[in-house]
Number of protein chains: 2
Amino acid sequence: MSQLLGTRAHANSTVVERLRASDPVLVDILPAGEAIPGMTATTILTSGVPLSWEDYYGGQRRAILSAAVYERLAVSLEEADHKIQAGEIQVAFTHDHGCVGSVAGIYTASMPVFVVEDRQHGNRAFCNFYEGESRYRLNYGSYDESVRDGLLFLQHELAPVLQDAVRRSGGIELKPLIGRALRMGDELHSRNTAATSLFLRELVPHLLAMSAEGDLARVTTALNFLQASDYFFLRLSMAAAKASADAADGVPGSSVVTAMTISCREFAIRVSGLPGQWFRGSLPQADAKLFDGFTMDDMEWIGGESLIAETVGLGAFAQAAAFGLQAYQGGDAQAMVAMNESMYAITVSEHDTYLIPYFGFRGVPLGIDIHRVVDSGIVPLIDGGLTGKAGGQIGAGVLSAPMDCFVAARSAYAAAYPQHES
Amino acid sequence: MSQLLGTRAHANSTVVERLRASDPVLVDILPAGEAIPGMTATTILTSGVPLSWEDYYGGQRRAILSAAVYERLAVSLEEADHKIQAGEIQVAFTHDHGCVGSVAGIYTASMPVFVVEDRQHGNRAFCNFYEGESRYRLNYGSYDESVRDGLLFLQHELAPVLQDAVRRSGGIELKPLIGRALRMGDELHSRNTAATSLFLRELVPHLLAMSAEGDLARVTTALNFLQASDYFFLRLSMAAAKASADAADGVPGSSVVTAMTISCREFAIRVSGLPGQWFRGSLPQADAKLFDGFTMDDMEWIGGESLIAETVGLGAFAQAAAFGLQAYQGGDAQAMVAMNESMYAITVSEHDTYLIPYFGFRGVPLGIDIHRVVDSGIVPLIDGGLTGKAGGQIGAGVLSAPMDCFVAARSAYAAAYPQHES
């Protein structure tokens with residue numbers, strides 16, 4: 001039996017090795033329709049394992065319909081609804097296209113995306129752009145003229161400047177930036193302040209050259225947005241994590257989670273040794289700090305996949321690197337330390353480059369094992385933003401993944417690998 | 001008696017209010033000889049309460065003599081020695097000229113300095129530039145062709161670019177940068193990584209404009225130095241702290257420390273209510289992490305005034321904001337927390353803007369009180385770099401200030417303010 005267990009352990013260690021060795025590099029910025037395999041002019045990507053169209057409700061449904069209007073696929077939410085029902089507009093799953101969605105996770109073909117390549121394993125992942133500091137953003141289910149103008153700014157003013165700078169750079173290695181940001185108070189999910197600054201530092205030499213060539217005005221406009229957007233790096237952290245997690249997917253015999261996703265109705269996970277399957281469960285529990293004037297009754301789930309960060313050991317798995325988060329999501333340092341420590345009980349290993357100073361530079365807990373989750377009764381914790389029923393962000397907090405999808409995954413694992421079960 | 005005690009408490013609270021209200025702004029960069037009152041072409045400033053010339057030994061003496069050669073006041077160390085003895089070159093005390101010295105703290109007239117103005121109180125303070133990442137630097141008692149070339153680079157290539165950018169900015173407020181860096185893993189003495197990045201961010205718009213006007217090459221050269229110099233901000237942190245501490249000096253009845261200084265022979269402190277006096281004591285104890293190959297036998301004191309940071313609640317007084325420091329100066333997070341907490345026992349208050357995330361955003365301990373130090377037996381702790389006998393940095397660690405100068409200061413305080421003693 002120890003040999004059989006050894007086989008699972010061996011598979012899991014292969015997964016962890018791939019996660020560690022992954023070398024995500026920002027190689028380009030392109031329109032989603034150009035960069036993303038299978039993305040057509042009429043595709044809208046959204047977070048979460050696909051539901052039938054009538055099951056999308058609230059902010060996620062509104063975000064999808066608004067995206068169709070934004071993309072000029074429909075002139076009204078009603079027309080968008082009809083066209084989706086008629087199959088003229090296709091609602092598709094981010095993860096099926098190498099993407100991860102922040103909150104509702106809305107992608108249309110014209111939106112710029114970060115193209116991140118794992119130079120170690122050759123695969124690519126994508127993420128679209130942070131919309132800025134307003135609480136009202138398309139990915140939070142809000143859409144009006146100012147949201148639209150913001151999205152057009154990203155597409156027409158910000159993306160071309162960043163594309164030029166990134167191409168001049170020959171690619172920006174994200175792993176060193178993430179490792180360094182962990183020593184500067186970020187956990188790369190709900191806090192990206194340092195990483196955004198470090199990313200900007202990488203761009204500066206190229207922005208200077210562009211200014212020298214006559215581009216000062218548009219470079220300054222782009223810079224002003226970056227300087228005011230402490231969360232900007234989140235989408236790069238997500239694309240990097242997705243690239244790493246995808247590289248670790250599909251290892252036979254492994255019981256390590258390679259993605260977690262939320263729709264307005266469900267939480268779901270994917271397991272490396274059970275590729276192509278999503279194990280669906282109930283929505284997470286949230287321990288939240290809400291912005292002034294809101295209560296938990298105002299909250300609504302509208303999806304989310306930024307928890308790809310936790311899948312690779314960041315976010316709540318690195319909370320003890322980011323005590324500044326208390327101001328945003330509540331809690332205290334001792335609770336953050338305890339939560340972070342508890343994640344070592346459900347992971348198979350630790351990262352070798354993503355380190356937590358408070359823990360004496362111990363590596364972040366890496367590789368969520370469905371067996372350890374079920375056996376310990378400890379579920380993954382997730383740093384996350386919370387959405388209001390009327391759209392917009394209403395707070396932030398720590399989410400607890402539901403146990404049911406881990407139980408379901410473990411049953412499927414037992415069926416697929418009876419010889420690897422103890 | 002409570003009324004009399006109240007008088008001291010009132011004076012101390014005035015001091016702390018001044019420290020809190022202080023608003024240090026980088027307003028210019030100028031040659032030391034131009035910016036610093038009383039600095040002549042033949043003045044050399046060094047750290048520590050003045051000694052007679054024959055009492056300077058080792059690295060501090062070597063640094064002073066080398067500075068004379070660097071400044072072309074002498075062609076050799078021997079000639080410099082003669083000229084100092086003859087009074088043709090004047091060795092003077094940094095603090096007497098509004099300056100603070102890093103380690104040996106050597107200033108000559110041609111060296112560029114940061115000009116920091118406390119916009120709240122109107123006073124100015126100065127600090128010269130970080131020499132770069134080499135262990136061998138003039139302020140660590142080293143001098144050769146590469147040290148000289150580095151100093152010339154600061155003067156002729158870096159300073160003009162920064163001067164131009166700072167003047168375009170209209171002044172760079174340092175308080176918000178310091179406050180923010182504390183949330184990003186710096187304690188602003190032995191760790192300045194985030195602050196250096198944040199300072200660079202402030203410069204970027206102006207560097208872009210300068211590039212657009214044809215200055216790309218020299219801007220890029222300056223940028224490359226800044227990007228490679230994580231300690232760059234230390235000198236700004238020091239100048240800001242000196243400006244704040246000077247604004248809090250000279251409050252009658254106050255028993256709060258407004259400066260601490262080290263020469264090759266002594267530690268000394270200054271107390272707000274006893275202006276113009278320095279209370280001298282023995283050298284600090286060092287709990288050090290040495291670079292590979294060195295032992296404590298290799299260590300030599302050559303001066304230091306970067307502990308102005310601790311005087312205003314930074315450095316070791318904010319260690320729990322900077323767990324990343326372990327890699328540099330040893331120790332562990334728990335010890336850092338305990339050391340930081342112990343500093344609240346010897347301070348009269350806390351800062352309102354400089355906050356420690358790990359302590360739930362508690363303000364840093366502010367205002368070292370000579371009574372509390374003597375009564376508690378707890379001395380101020382100091383993050384610091386350590387110097388080798390052969391010159392150069394050989395490690396870093398936590399220094400403990402000597403008790404004797406606090407005892408001496410307290411005696412002087414009792415003599416000056418018999419009515420304020422309990």
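If you're wondering where the values come from, they're calculated on a predicted model, not measured in any experiment. To find a chain, count down the sequence lines: A is the first, B the second, and so on, and within it residues start at 1.
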### Query
Is the closest side-chain donor-acceptor distance between B/R20 and B/S349 under 3.5 Å?
yes
#### Entry: A/L198, part contacting chain B, at a heavy-atom distance under 4.5 Å
side chain
#### Entry: Closest heavy-atom pair and its distance - B/G179, B/R183
O-NH1, 3.4 Å
### Task
Would you tell me whether B/S306 and B/H189 have side-chain atoms, one donor and one acceptor, within less than 3.5 Å of each other?
yes
### Task
Against chain B, label A/L223 side chain, backbone, both or neither, depending on which of its atoms sit under 4.5 Å from a heavy atom there.
side chain
#### Entry: Modelled atom types, side-chain donor and acceptor of B/Q326 and B/D332, under 3.5 Å
no
### Message
Taking the cut-offs as 6.0 angstrom to the six-membered ring centre and 45 degrees off its axis, would you call A/R235 and A/F114 a cation-pi pair?
### Response
no
### Message
Please classify the contact of A/A320 with chain B as side chain, backbone, both or neither, using a heavy-atom distance under 4.5 Å.
### Response
neither
### Message
Only pairs of heavy atoms separated by less than 4.5 Å count here; which of A/A333, A/S211, A/P205 has the most with chain B?
### Response
A/S211
### Task
Measure distances from B/E213 to the heavy atoms of chain A and classify the residue's part below 4.5 Å as side chain, backbone, both or neither.
neither
#### Entry: Option in B/V204, B/T220, B/L325 with maximal non-hydrogen atom pairs under 4.5 Å from chain A
B/V204
### Contact winner vs chain B - A/A327, A/G214, A/G331, A/G185, heavy-atom pairs under 4.5 Å
A/A327
### Query
Which answer fits A/F361, side chain, backbone, both or neither, if we ask what part of it has an atom under 4.5 Å from a heavy atom of chain B?
side chain
### Task
Would you check if the distance from the ring center of A/Y358 to the ring center of B/Y358 is below 6.0 Å?
yes
### Query
Taking every heavy-atom pair that is under 4.5 Å apart, which of A/A321, A/A209, A/A322, A/S197 has the most such pairs with chain B?
A/S197
### Task
For chain A, find which of B/L207, B/L208, B/L216 contributes the most heavy-atom pairs closer than 4.5 angstrom.
B/L208
### Task
In sequence, state the C-alpha distance, the side-chain angles, and the governing distance for A/D186 and A/R180, and then conclude on salt bridge (charged side-chain N to carboxylate O under 4.0 Å, His left out).
CA-CA 9 Å; A/D186 285 358; A/R180 194 156 201 224; over 6 Å; no
### Task
Sort A/L200 into side chain, backbone, both or neither according to what part of it lies under 4.5 angstrom from a heavy atom of chain B.
side chain
#### Entry: B/E350 side chain near B/R362 side chain, heavy-atom distance below 4.5 Å
yes
